[in-house]
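Here is how names work: the chains are called A, B, and so on, in the same order as the sequence lines, proteins then strands, and each is numbered from 1. Since the model is a prediction, treat every value here as computed from it, not as a measurement. Atoms considered below: every heavy atom in the structure, side chains included; atoms not considered: hydrogens, waters and symmetry mates.
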Amino acid sequence: MAGQYWLLKSEPGNYSVDDLKRDRSTYWEGVRNYQARNFLRDSIKKGDEVFFYHSNADLAGIAGVAKVTSDGYPDPSQFDPKSKYFDPKSSKEKPLWYVVDIQFSEKFPAVIPLENLKKIKALEGMPLLQRGQRLSVQPVTRAHWKVIFEEFPGR
DNA sequence: GCCAACGTTGGC
DNA sequence: GCCAACGTTGGC
């Protein structure tokens, strides 16, 4: 199957696109929502591409692009009592939470603000733009992915 | 900091 | 299994 597209949210105060650019790669730890977990465990595959989204930021919006470099695997932080993501309900035999590895691809010269995305007719129906939606891992259709690059050629 | 929307927990 | 209470997310 051809590569799929996703949007991953991060609070830049916690981990920003600049952090990813510096690190070059990371694993997307700390997702503790079952719907998002299912995407990480079952759906996201090595080779997929993701928008790096800044949430809870001075300027909320899409900040860059990254590439997925692994399929989902158990989130190591859930087993670490010292981690803020530690989950005593999880076990190595039956892990609850998953991560994928991602690699830096591109930082946009300017964040594409959520506000601007909302104005684009062709993006209607995109999960990100739905009222009250707060899923931190979301699928992005190929059509929406393309529209965003077309609408913001210089980003 | 506010608060609406949503997810999770736990008593029954 | 219901649902109120509580906690979290995230835009503003």
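With ring centers used as reference points, Tyr53(A) lies 6.0 Å or more from Trp6(A).
Rounded to a whole Å, the CG atom of Leu7(A) is 15 Å from the C1' atom of dT9(C). The distance from atom CD of Glu11(A) to atom P of dG10(C) is 7 Å, rounded to the nearest whole Å. The distance from atom NZ of Lys89(A) to atom P of dT9(B) is 5 Å, rounded to the nearest whole Å. Distance CZ (Arg134(A)) to P (dC12(C)): 16 Å, rounded to an integer number of Å. Distance Leu114(A) CG to dG10(C) P: 11 Å, rounded to the nearest Å. Between the NE2 atom of His54(A) and the P atom of dC12(C) there is a distance of 17 Å, rounded to whole Å. Atoms CZ (Arg32(A)) and P (dT8(B)) sit 13 Å apart, rounded to a whole Å. The distance between atom CH2 of Trp97(A) and atom C1' of dT8(B), rounded to the nearest whole Å, is 10 Å.
Between dT8(B), dT9(B), dT8(C), one nucleotide has an atom nearer to the side chain of Tyr34(A) than all others, and that is dT8(B). Side-chain proximity of Ala60(A) to dC6(B), dG11(C), dT9(B): nearest is dG11(C).
Here Lys82(A) pairs with nothing under the salt bridge (Lys or Arg N to Asp or Glu O under 4.0 Å) rule; sequence neighbours left out.
More than 12 non-hydrogen atoms from other residues, nucleotides or ligands lie less than 6.0 angstrom from CD of Glu150(A).
Phosphate contact (OP1/OP2 of dT9(C), side-chain N/O of Lys9(A), threshold under 4.0 Å): absent.
When the nearest nucleotides of DNA chain B are assigned to Asn56(A) and Gln133(A) by heavy-atom distance, the more 5′-ward of the two goes with Asn56(A).
Atom-to-atom distance recorded for Ser55(A):OG and Glu11(A):CD is 5.0 Å, nearest 0.5 angstrom.
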